[in-house]
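What follows is a single structure, written as C-alpha cells, with notes after it.
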Amino acid sequence: MSFFDIPELAEQVGYHLTSRDLTICIRVSKTWNTIFTPHFWHTVPPLPSPNGSVFSKWPYFRHPQYFRQFAQEDYHAAQQELGGHLDKDNRNNHPLPPFSRNGHLIRVLGLDQHRLRDPQVQRFGFRKSRPQSSKNSTKAGPIRNPTDLELLYYLLGRCTNLTRLWLLGCIKVDELEPWKRIVRTGLPETLTDLTIKLDLRSLRVSSVDPSWIHALSACVQLQSLRLGMINSVSLHHLTSALRSGLPNLDSIRLDNSPLDTTDRDNMDMLAASHTGWRSIAIPRIGPLAVQASIQQCSTLEELDLTMAYGLTSRDMQQILSYSHRLVTFVTLERDYRDSYSIKETTHIMATDFIDADPSSNSLKPWACELSLKVFRAKISGIPRPDIVRTFHGHPVKNGMVLQEAHSGQSQEILHRVYERLGRLTRLERLELGQEGRNTFGVTRTFDESAEAETLEDEDQQYDCLDMNIRSGLRMLEGLKQLRELSVMRMATLVGVKEVQWMIQSWPKLNRLVGLNHGKSYGAYKWLREHYPKIQSFQCDWDRIFE
C-alpha cells in the first residue's frame, strides 16, 4: 500500500509544500499529478515559500504580460468552443487551456490590475475591442480581443469555487464604475472573503464612492471586508448596508484617517452587526467606538485597535477578561523596526493587567486564557528602583522612573505580571515593546549627538517588565508555543543566562527582538553565535545613523 493511497495523508503533505515543490511533484507520475495539482492551483499566485522565493517563479507570473497572455488564450479557446469552431477531433488534440482546466481548483485568487491590462492601452475597461488574427476565429468571423474588464469577468467566471479574492488596482475617476460593476455582478457566489485595494490618493477629499457599499451589499455570503480611504459618507452607507443586508459579515478592517470619520460613525457601524463581530481592525478610534467593540466580547476572535485614543487601561482589562474566543489582541501601533513615527501611547497598567480579587488577592480568571495566541500591548506602571541610568548611561531625571510606594513593591508587581502572562499558555507571539522611536523626522537634524541621545532616552520605557530570572521570568516556563518575543525599547535586564533559559524553556522560539546595550549585548552576541537560525535584533541606537 502506497503512502499516497491514503487521501487524508496526501492532502496534509500537499498543504506543506512550496509552489516549487509542487511543480516537481506533479511531474513525477500521473498519480502524483492527480494528487498534487489541486494544491498547486489552490492559491494563485502562490504565497512566498519559507526560503524566500516568491510567486514570480510560478510559470504564469514570470512577467506581468504572461498572465494576460495565458488568460487571453483561455478566453479565445472558450469563444472558439462556443462558436463551434472546434470539431471533436480538434477538441481531443487541443486540451483545455490552464484556467478552463483548473479554475475550479482555485480557492484563493489575487488579481492585480496591471497583470490584466493590455500593454497598448492606458485605461482599464474602456478601450475599443480589436479583432484577433485569423487563427483565433469562429464560423462567424475573427474573435476580437477582450477588454480588460471582460477578461477579468471571464477569469472570475472560471473560478467556480473561489472563497477568497484580492482585487488590486490603480485607477482614475472615470474608471470607478467598471470596478463597481465587477463587485455588483462579477463575483462568484462562493466568495466569503473580499479585499479591495485601489490607489485613490488623488481622490482623498471625496474618498470612495458610496455606491461601492450598495454594490457590496449584494454579496450575501461575504464574511470579511477591508476598505481603504473610507470617509463618513461611505461609512454611513456601510452602516445602512449592514442593517438591511450583509448577514454573514463578521470581519471588518478599515484603513481610514481619523479626520475622515468620526467616533460616532465607527460606533454606529460596529453596532449594526447582525450576529456580532468576529474580527475588528480600526485604527485611532475614540471612546464611543471602543465601547461598541467591548459589546462584541462574546464573539471577538481578533481585535486590532492601534493608536486608539479612546481605549483606556480598564477597557483593555475588560476585553481580555470577557472575550472567551479571543485569539489576537493588538494595541501597539506597528511592529516595523525601521518606522520612526509618532509615539504609541495606548497601554494597560500593571495593576489592571494583574486584575487581582481584593478579597483573596488571587488573580481573577480571564476568559481568553485558553485561546489567546497573539498579545501585542504595552504594560506600564511597574516601579523600577533598580534603574539609575538612562538608555545611554546618563543619570535618570526626576519623574522618568516610577518609584516604589513601599519597599518590595516592584518585586511584588513584577511577580504578579509574570503570573498573569504565564496563564496564557497558547501564546505564540508576545510583544510588550515596539520600535516607537520618535527621534528622527524627514527634516529633523541635530547639531550634536547628545541632543539625539536625550530624545532617545525619553523614548525608552522604564516602567516595564525587566524580563529577569531573579524577578520571576521562570513563571513563563509554560509558554511552550511561544515563537516570537519583542521587548523593543524596554529597560530589560536580559543577559546570557536569561537567553539560555528562553531557548531551553521555549522550544519553538524563532524570533527575539529588542536586546539592548550593555548587559544584553552579551546575550545578543551569544545568541548569534550559538543559535544563528533564531532571528534576533538589537534595540541599537547607533544603527539609525547608517
Side-chain angles (χ1 to χ4, degrees), residues 290 293-294 296-298 300-303 305 311-332 346-386 402 404-433 461 463-482 484-487 490-494 498 501-502 505-506:
V290 166
S293 300
I294 292 175
Q296 312 297 320
C297 283
S298 62
L300 269 181
E301 295 180 12
E302 299 178 2
L303 184 64
L305 300 182
L311 184 65
T312 68
S313 178
R314 288 296 180 91
D315 292 333
M316 296 170 71
Q317 179 199 74
Q318 189 172 356
I319 293 168
L320 293 165
S321 299
Y322 295 107
S323 303
H324 67 282
R325 298 181 180 179
L326 194 63
V327 176
T328 300
F329 182 79
V330 178
T331 61
L332 293 180
T346 306
H347 60 273
I348 183 170
M349 297 299 295
T351 50
D352 290 329
F353 187 74
I354 292 170
D355 195 16
D357 186 339
S359 60
S360 63
N361 200 32
S362 59
L363 270 60
K364 296 178 182 176
W366 277 2
C368 70
E369 288 179 357
L370 299 179
S371 62
L372 198 64
K373 294 184 179 181
V374 177
F375 182 81
R376 295 183 52 221
K378 178 183 287 187
I379 303 174
S380 303
I382 302 176
R384 292 289 303 278
D386 56 295
L402 185 62
E404 293 181 312
H406 60 267
S407 178
Q409 184 191 30
S410 175
Q411 182 60 40
E412 293 172 6
I413 295 178
L414 285 167
H415 185 89
R416 302 310 294 272
V417 172
Y418 285 127
E419 183 181 355
R420 171 65 71 191
L421 286 172
R423 292 189 176 195
L424 309 177
T425 55
R426 296 192 67 188
L427 273 183
E428 297 179 4
R429 184 176 180 182
L430 176 61
E431 291 193 27
L432 303 173
Q461 185 190 2
D463 59 341
C464 58
L465 280 176
D466 63 8
M467 301 302 290
N468 187 261
I469 289 179
R470 177 188 56 79
S471 66
L473 181 63
R474 294 185 187 277
M475 299 181 72
L476 305 185
E477 188 173 7
L479 307 186
K480 299 301 183 183
Q481 305 301 315
L482 196 65
E484 300 183 33
L485 173 67
S486 173
V487 292
M490 293 169 56
T492 60
L493 298 175
V494 179
E498 281 73 24
W501 179 87
M502 292 175 185
S505 302
W506 303 330

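Counting begins at 1 with the first residue of the sequence.
Here the side chains of L476 and L482 are not in contact, with every heavy-atom distance at 4.5 Å or above. Within the 4.5 Å cutoff, the side chain of L402 has no heavy atoms near those of the I382 side chain. Side-chain contact between T346 and L305 is absent, with no heavy atoms from C-beta onward closer than 4.5 Å. Considering only heavy atoms from C-beta on, R376 comes within 4.5 Å of R429 through its side chain.
Distance alone, capped at 3.5 Å, places no donor-acceptor pair between the E484 side chain and the E428 backbone. Using modelled atom types, one side-chain atom of Q461 and one backbone atom of I379 make a donor-acceptor pair closer than 3.5 Å. Using a distance-only test at 3.5 Å, with no hydrogens or angles considered, no donor-acceptor pair links the side chain of S380 to the main chain of D463. With hydrogens and angles ignored, the 3.5 Å screen pairs no side-chain donor or acceptor of S371 with any backbone N or O of V327.
Scored by the side-chain hydrogen bond (donor to acceptor under 3.5 Å, both in side chains) test, Q318 finds no partners at all (sequence neighbours excluded). Applying the side chain to side chain contact (heavy atoms under 4.5 Å, CB included) rule to A367 yields the partners H324; only residues at least two apart in sequence or on another chain are considered. Legend: residues meeting salt bridge (Lys or Arg N to Asp or Glu O under 4.0 Å) with D315, ordered by chain and number and at least two apart, are absent. Annotation: side chain to side chain contact (heavy atoms under 4.5 Å, CB included) contacts of E301 (sequence neighbours excluded): R278, R325. For S359, the side chain to side chain contact (heavy atoms under 4.5 Å, CB included) partners two or more places apart in sequence, or in a different chain, are D357. Judged as a side chain to side chain contact (heavy atoms under 4.5 Å, CB included), and not counting sequence neighbours, the contacts of E369 are W366, R420, R423, L424. Annotation: side-chain hydrogen bond (donor to acceptor under 3.5 Å, both in side chains) contacts of S505 (sequence neighbours excluded): W501. Under the ring-ring contact (aromatic ring centres under 6.0 Å, His included) criterion, Y418 pairs with no residue at all, not counting sequence neighbours. Remark: D355 pairs with K364 by the salt bridge (Lys or Arg N to Asp or Glu O under 4.0 Å) rule, at least two apart or across chains. Taking the side-chain hydrogen bond (donor to acceptor under 3.5 Å, both in side chains) definition, one finds that D352 meets it with S313, R314, sequence neighbours left out. R426 meets the salt bridge (Lys or Arg N to Asp or Glu O under 4.0 Å) test with no other residue; sequence neighbours excluded.
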Run the side chain to side chain contact (heavy atoms under 4.5 Å, CB included) check on R384 and C464 step by step: do they pass? CA-CA 8 Å; R384 292 289 303 278; C464 58; 3.9 Å; yes
Notebook entry, point to check: Could you go step by step and tell me if R470 and Q411 meet the side chain to side chain contact (heavy atoms under 4.5 Å, CB included) rule?
Noted result: CA-CA 9 Å; R470 177 188 56 79; Q411 182 60 40; 3.7 Å; yes
| Does the pair R474 and I469 meet the rule for a side chain to side chain contact (heavy atoms under 4.5 Å, CB included), with working shown? | CA-CA 6 Å; R474 294 185 187 277; I469 289 179; 3.4 Å; yes
message: For a side chain to side chain contact (heavy atoms under 4.5 Å, CB included) check, start with the C-alpha distance between L465 and T492, then their side-chain angles and the critical distance, and finish with the verdict.
response: CA-CA 7 Å; L465 280 176; T492 60; over 6 Å; no
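Here the closest heavy-atom approach between residue L473 and residue E498 is recorded as CD2-CG, 3.9 Å.
Sorted by first and then second residue, the salt bridge (Lys or Arg N to Asp or Glu O under 4.0 Å) pairs involving residues 404-418 (not counting sequence neighbours) are R416-E419.
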